[in-house]
Every structure is written in structure tokens, then in C-alpha cells.
Amino acid sequence: AAILGPPPAVPVPVDWDVVEAWVSLPLPGDYKSVASAYGPLDIGEFIWLHTPCVQEGRFDYATWLRETHRHCRISSRQAPPYEPPAFHPAPGGLLAWGMTRSASYLFWDTAASEDPDRWPVVVFHQDAVYRRVRPWHSYEMPLLDTLYAAVHTGLPLPGGGRIGARYPPLCCSPRAG
């Protein structure tokens, strides 16, 4: 709550056993805590935290994951090193969890550790592809540390620009499905 402010009165329910069985991985505890308390979340009006929902007519998490992985895989082939990284469900593949308003997608590097709470956040920046520079960058920090840095100091993007720190801290609003 120190980073995100108070959660909504009625959180969006998530069946984590079903979600983790579907992705065939345990997910980071901080992500599950934030998602359970807030649901899909717009953080500081610059990061969208995507979460699975079990309510009909809400955001389709599975479709978003597939489309995000596919988009980043295809786009990666247009900039150095011209070979995309592995994406989940490949062993150790990157697993998307969010996106930004600056044409970036946020992932966990599941190869970095057996412990999902230690997975660092990796960014794919679409604008770097247009500039023909490497679009991938690891922040070497897990989710909450990355969100804190984005809100308080900002984070550099490959090819230039920043995520966050243009808005006051403690800004968030639950996203509608």
C-alpha cells in the first residue's frame, strides 16, 4: 500500500491455483498479493499491471499473454540482436505481467531463479525497435522494487526515455476489466 495507495473496497477475485496450473509456474508472491488486493491496476498512469480475473466480461489474461509474447517475439526480429529471447511456456522463458504507456512491455525473467520472488523485471521497448537498437533491458530487480523505482525515480528505457517519475508517488487506480 505504501507504493500503490489504498486498495479498492472489493478486489477482483483470482483463483491462484488455477492460474498457476495454467501457466505451469508458481508466480511471485508480491504479484499475487497486489493482484488479489487491487485487481488490474493502473500505476501512476504509466504502468498497467495485468492480472487474471475470474469475472465474466473482464480482461482476458490468457489472450493478453499470448498476444503480448507473440508481438514482442515478432518485433524483436527487427532490431539487434535480431533473435528474440525465449518466452513462456518455453523453459526459462520471459513471462509478461504488464505494459506501459510508452510502448513498453514488462516481463519476469523466469530463468533467473528457481524462486519466483527473485525473478527480475525485464522491459521490451517498442520504440527501441524503431530506432534499431536492442529493445530488451533487465532492471535486475523484482516486481515491487521495480514499481517503487518507477514511481519514485523513474527507470531508463532501451533506446532512450523513461518509465515513470513524471507523476507524484502513490498514484494508482484499479483498471476496469
Side-chain angles (χ1 to χ4, degrees), residues 3-5 12 23 27-28 30-31 34-35 38-53 58-90 92-112 119-177:
I3 298 172
L4 307 173
V12 176
V23 296
L27 295 173
D30 54 2
Y31 171 74
V34 169
Y38 293 87
L41 190 62
D42 189 7
I43 302 166
E45 298 183 8
F46 48 81
I47 293 177
W48 293 323
L49 181 83
H50 291 280
T51 65
C53 300
R58 298 287 297 226
F59 173 74
D60 186 342
Y61 181 71
T63 299
W64 178 79
L65 274 178
R66 280 191 301 274
E67 289 174 358
T68 297
H69 290 184
R70 181 178 183 277
H71 169 79
C72 293
R73 182 181 304 109
I74 291 168
S75 293
S76 288
R77 293 181 179 130
Q78 300 171 22
Y82 302 105
E83 187 61 37
F87 292 92
H88 184 74
L94 297 176
L95 179 62
W97 60 262
M99 57 190 299
T100 74
R101 293 183 190 262
S102 61
S104 301
Y105 295 87
L106 300 161
F107 296 81
W108 287 296
D109 180 357
T110 68
W119 291 343
V121 170
V122 175
V123 65
F124 171 82
H125 188 49
Q126 185 67 51
D127 287 350
V129 171
Y130 302 140
R131 292 183 181 105
R132 300 287 189 250
V133 298
R134 182 178 175 86
W136 295 98
H137 176 72
S138 176
Y139 292 119
E140 302 295 331
M141 298 181 281
L143 178 67
L144 288 184
D145 293 343
T146 301
L147 294 178
Y148 183 88
V151 168
H152 291 281
T153 61
L155 293 166
L157 288 167
R162 296 186 73 72
I163 297 173
R166 293 177 291 198
Y167 303 94
L170 304 176
C171 295
C172 72
S173 60
R175 291 187 60 201

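- Annotation: side chain of Pro85 is in contact with side chain of Leu94 (closest heavy-atom distance under 4.5 Å).
- When side chains are defined from C-beta on, Pro158 does not count as touching Arg134, because their heavy atoms never get closer than 4.5 Å.
- No donor-acceptor pair closer than 3.5 Å links the side chain of Ser102 to the backbone N or O of Ser104.
- Judged purely by atom type and a 3.5 angstrom limit, Thr110 uses its side chain to pair as donor or acceptor with the backbone of Gly93.
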Between Leu27 and Leu95, is the side-chain contact (heavy atoms from CB on, under 4.5 Å) condition met? List the steps. CA-CA 10 Å; Leu27 295 173; Leu95 179 62; 3.7 Å; yes
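- Residue Val121 comes nearest to Pro142 through the heavy atom pair CG2-C, 4.0 Å, listed as atom of the first residue, atom of the second, then distance.
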Just do the side-chain hydrogen bond (donor to acceptor under 3.5 Å, both in side chains) check on Asp109 and Trp119 with the steps written out, would you? CA-CA 6 Å; Asp109 180 357; Trp119 291 343; over 6 Å; no
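- In this structure, Leu157 and Asp127 have side chains that are not in contact, with every pair of non-hydrogen atoms separated by 4.5 Å or more.
- Pro52 and Tyr31 make their closest contact through CD-OH, 3.4 Å (heavy atoms, listed as atom of the first residue, atom of the second, distance).
- Other residues, nucleotides and ligands contribute over 12 non-hydrogen atoms within 6.0 Å of the CZ atom of Arg132.
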Using the side-chain contact (heavy atoms from CB on, under 4.5 Å) rule, take Tyr148 and Met141 through it: C-alpha gap first, then chi angles, then the decisive distance, then the call. CA-CA 10 Å; Tyr148 183 88; Met141 298 181 281; over 6 Å; no
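- Formation of a donor-acceptor pair under 3.5 Å by the His50 side chain with backbone atoms of Tyr61 is not found in this model.
- Side-chain contact between Leu106 and Ile163 is present, with at least one heavy-atom pair separated by less than 4.5 Å.
- Between His88 and His69, the closest side-chain pair of non-hydrogen atoms falls below 4.5 Å.
- Among residues two or more places apart in sequence or in another chain, the ring pair (Phe, Tyr, Trp, His ring centres under 6.0 Å) test is passed with Tyr105 by His71.
- With a 4.5 Å cut-off on side-chain heavy atoms, Asp42 and Arg101 count as touching.
- A heavy-atom distance below 4.5 Å is not found between the side chains of Thr51 and Leu41.
- The one candidate from Phe124, Tyr139, Trp136 that meets the ring-ring contact (aromatic ring centres under 6.0 Å, His included) condition with Phe107 is Trp136.
- The heavy-atom pair separating Ala128 from Pro135 by the smallest distance is CB-CA, 3.7 Å.
- Looking only at side-chain heavy atoms (C-beta outward), Arg162 and Pro156 come within less than 4.5 Å of each other.
- Nearest heavy atom pair, residue Trp64 against residue Gly98, reads CH2-N, 3.4 Å.
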Decide yes or no on side-chain contact (heavy atoms from CB on, under 4.5 Å) for Leu155 and Thr146, but give the supporting numbers first. CA-CA 8 Å; Leu155 293 166; Thr146 301; 3.6 Å; yes
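- Going from atom OG of Ser76 over to atom CD of Gln126 covers 8.5 Å, rounded to the nearest 0.5 Å.
- One finds the CD1 atom of Ile43 at 11.5 Å from the OG1 atom of Thr100 (value rounded to the nearest 0.5 Å).
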Does the pair Trp97 and Leu49 meet the rule for a side-chain contact (heavy atoms from CB on, under 4.5 Å), with working shown? CA-CA 6 Å; Trp97 60 262; Leu49 181 83; 3.3 Å; yes
